[in-house]
Protein chains: 2
Amino acid sequence: MNVFAALADPTRAEIVDRLAGGPLTATEVVDQFEISQPAISRHLRVLREAGLVTVQPAGRQRIYHLDPAPLRDIDGWLDRYRRFWSGRLDALEDFMDQEPA
Amino acid sequence: MNVFAALADPTRAEIVDRLAGGPLTATEVVDQFEISQPAISRHLRVLREAGLVTVQPAGRQRIYHLDPAPLRDIDGWLDRYRRFWSGRLDALEDFMDQEPA
DNA sequence: AGATCGTATAGCGACTTAGTTATACATCTC
DNA sequence: GAGATGTATAACTAAGTCGCTATACGATCT
């Protein structure tokens, strides 16, 4: 559901990162981390529920693919804030005119 | 610390959204939500610790400003994934053409 | 069919989180 | 200085999360 929550866990963020390099089976993901297979399975479930990955069954294996849609959503959400760092000086100035404690 | 974790809470995400419209005192933030003042105070603390807001004391008030730096960081992190939705067919192909062991 | 493999789920414990009310504390007003 | 105001912290509770081990279950192999 909440993509930010799904990405908040460092293990999950790293799984997403690895899947950016191409699909992986569940076991291949397990092999890249120190934690147990059930723990990875659960992370994959959370990523699935967040829409960040899709599964393609292949016999007894599950091939996990990155689904970039939620990341694109975040990119869109960031649009509201880009003015703060995209060279609009008035926004920057607006942001700057304070005395940090 | 973890910006994603800070943004995972819907109340905090909305506080960030409101601060994009300009600085607000703690009380002004409290007035925009149904939850208690201490709850908001804690959310503001989390946002502060995540670097998403800065505080400027003004007498007994605290003026909270959005700090876009962590959002810019997310924007940078997304660079690794933009190829997935920015129409580059070779990247898509790159992503498709593999046969996991 | 029976064993094995790949993966998911169940159930538990330790820890964290988000809310509450009560209270502390500094600042302002009188 | 005394009271009020703005904000943060403390103490607690309910609920969620993340790890583990044990186990279930379908797919494959023999």
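Because the structure is predicted, anything quoted here is derived from the model rather than measured. Every heavy atom of this structure was used, including side-chain atoms; hydrogens, water molecules and symmetry mates were not. Numbers restart at 1 for each chain; the letters A, B, ... are given by sequence-line order, proteins then strands.
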Rounded distance (Å) that lies between atom [atom2] of [N] and atom [atom1] of [X]:
X: A:R45; N: C:dA10; atom1: CZ; atom2: C1'; answer: 11 Å
X: A:F33; N: D:dG19; atom1: CZ; atom2: P; answer: 10 Å
X: A:L44; N: C:dT9; atom1: CG; atom2: C1'; answer: 14 Å
X: A:I40; N: D:dT21; atom1: CD1; atom2: C1'; answer: 16 Å
X: B:L47; N: D:dA8; atom1: CG; atom2: C1'; answer: 15 Å

- prompt: Listed by chain and number, what are the ring-ring contact (aromatic ring centres under 6.0 Å, His included) partners of A:Y81, not counting sequence neighbours?
  reply: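 Here the qualifying residues are A:W77.
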Handout entry: B:F4 six-ring face occupied by A:R12 cation (under 6.0 Å, within 45°)
Key =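 No.
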Counting neighbours of [atom1] on [X] that are heavy atoms of other residues, nucleotides or ligands and sit closer than 6.0 Å, is the number greater than 12?
X: B:R42; atom1: CZ; result: no
X: A:R48; atom1: CZ; result: yes
X: A:R80; atom1: CZ; result: yes

B:V30: what forms a side-chain contact (heavy atoms from CB on, under 4.5 Å) with it, not counting sequence neighbours?
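Residues passing side-chain contact (heavy atoms from CB on, under 4.5 Å) with B:V30: B:Q37, B:I40.
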Going 5' to 3' through nucleotides 17-28 of chain C and flagging B where a protein heavy-atom sits under 4.0 Å of the base, S where only the sugar-phosphate is that close, and - otherwise, we get -SSBBB----BS
Can you see if the side chain of A:Y64 gets near the phosphate of C:dG6 - specifically, an N or O under 4.0 Å from OP1 or OP2?
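For C:dG6, neither OP1 nor OP2 has a side-chain N or O of A:Y64 closer than 4.0 Å.
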